[in-house]
Participant: 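Shown below is the structure under consideration.
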2 protein chains.
Amino acid sequence: MQNFVRIPRDLGHAIRQARREKNLTQADLATRSGVWQETISKVEAGRGGTKLDTVLALLAALDLELLISTRSKGSTSDFDNIFD
Amino acid sequence: MQNFVRIPRDLGHAIRQARREKNLTQADLATRSGVWQETISKVEAGRGGTKLDTVLALLAALDLELLISTRSKGSTSDFDNIFD
DNA sequence: CCTCTGTATGATCTAAAGATCATAGACGCA
DNA sequence: TGCGTCTATGATCTTTAGATCATACAGAGG
């Protein structure tokens, strides 16, 4: 798995996808990340902004990592359900 | 180039590094990213938090991309100057 | 030493994120 | 139909990021 984050919405998709793959509810993720369910709802939907701290907390709780790389031409994106 | 972002400070290092490689001053980056020099100073130093919007604006201006990947064991990090 | 350029910092103000509570909607299932 | 679970939303309050201005500080070169 390797997804690009160009806009905040991408982040939301990746998080929702990973959370579901792990069969976690937003509430579960909330407890193990320290971020509130309501906030997770907004982040996943891409509603409003997010602080880096919050992003990192969520990703860590989902065993995901954030990477920075020099821009590459091939934009591999593997979201299944874009519209949910 | 491919760096991990575990804590906000990592982000700052990557940005500073990329900015210097492109021979840009903080003021230059400020104008082309729409983020203020003072803010860039804080971000690079890891002082205080940052919003995802700001992060994305800076990375875009530096031709860097943000990626999310499943946690891998090998933590390849290639920061040269960690202490500056 | 003085100046120039780049970076850090400090103060104030505005906007927005996140905590918190309460509740509404959606959906599956008995 | 009604219950239980999960997600969305709405309101309020606190905290903080970022804009903005002004200025200090550090280093290089003359």
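The chains referred to below are lettered A, B, ... by the order of the sequence lines, with proteins before strands, and numbering in each begins at 1.
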Participant: Is any side-chain N or O of A/W36 closer than 4.0 Å to OP1 or OP2 of C/dT20?
Facilitator: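 The answer is yes; a side-chain N or O of A/W36 sits under 4.0 Å from OP1 or OP2.
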Participant: Report the end-to-end axis angle of the helix from C/dC1-D/dG30 to C/dA30-D/dT1; each axis comes from five terminal pairs, and the value is rounded to 10°.
Facilitator: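 Answer for the end axes of this duplex: 30°.
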Participant: If you define the side chain from C-beta out and look only at heavy atoms, does anything of B/L56 sit under 4.5 Å from A/P8?
Facilitator: yes
Participant: Can you check whether B/L59 reaches B/I15 side chain to side chain, under 4.5 Å on heavy atoms?
Facilitator: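 When only atoms from C-beta onward are counted, B/I15 and B/L59 do touch, with a gap below 4.5 Å.
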Participant: Once rounded to the nearest 0.5 Å, what's the spacing between atom CG of B/N3 and atom CG of B/D10?
Facilitator: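 If I round to the nearest 0.5 Å, the distance is 8.0 Å.
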Participant: Using side-chain heavy atoms (C-beta onward) and a distance below 4.5 Å, is A/L24 in contact with A/L62?
Facilitator: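 With C-beta onward as the side chain, the pair touches.
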Participant: In residues 39-60 of chain B, which ones come under 4.0 Å of DNA chain D, going by heavy atoms?
Facilitator: B/T39, B/G48, B/G49, B/T50, B/K51, B/T54
Participant: Inspect the contact between A/R19 and A/D28 and indicate whether a charged nitrogen and a carboxylate oxygen are less than 4.0 angstrom apart.
Facilitator: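 A/R19 and A/D28: not salt-bridged.
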Participant: Taking N or O atoms only and anything under 3.5 Å, show me the protein contacts with nucleotides 22-30 of chain C, one pair per line.
Facilitator:
unit_1 : atom_1 : unit_2 : atom_2 : d
C/dA22 : N6     : A/E38  : OE2    : 3.4

Participant: Just how far is it from atom OG of B/S69 to atom CZ of A/F4, taken to the nearest 0.5 Å?
Facilitator: 11.0 Å
Participant: Can any side-chain N or O of A/S33 pair as donor or acceptor with the backbone N or O of A/L29 at less than 3.5 Å?
Facilitator: yes
Participant: Using a 4.5 Å cut-off on heavy atoms from C-beta on, say whether the side chain of B/L66 contacts that of A/L67.
Facilitator: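 Side chain of A/L67 against side chain of B/L66, heavy atoms only: no contact under 4.5 Å found.
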Participant: Pick one: which of A/H13, A/R16, A/R9, A/Q17 meets side-chain hydrogen bond (donor to acceptor under 3.5 Å, both in side chains) with A/E44?
Facilitator: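 It is A/R16, the one option of A/H13, A/R16, A/R9, A/Q17 that forms the side-chain hydrogen bond (donor to acceptor under 3.5 Å, both in side chains) with A/E44.
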Participant: Tell me whether the side-chain N/O atoms of A/R19 come closer than 4.0 Å to OP1 or OP2 in D/dT7.
Facilitator: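 Checking A/R19 against D/dT7: at least one side-chain N or O falls below 4.0 Å of OP1 or OP2.
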Participant: Side-chain N or O of B/R16 versus OP1/OP2 of C/dA8: is the shortest distance under 4.0 Å?
Facilitator: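 Answer yes for this pair, as a side-chain N or O of B/R16 is under 4.0 Å from OP1 or OP2.
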Participant: Quickly work out the A/L29 CG to D/dC6 C1' distance and round it to whole Å.
Facilitator: 13 Å
Participant: When you look at CZ of B/R32, are more than 12 heavy atoms from neighbouring residues, nucleotides or ligands closer to it than 6.0 Å?
Facilitator: no
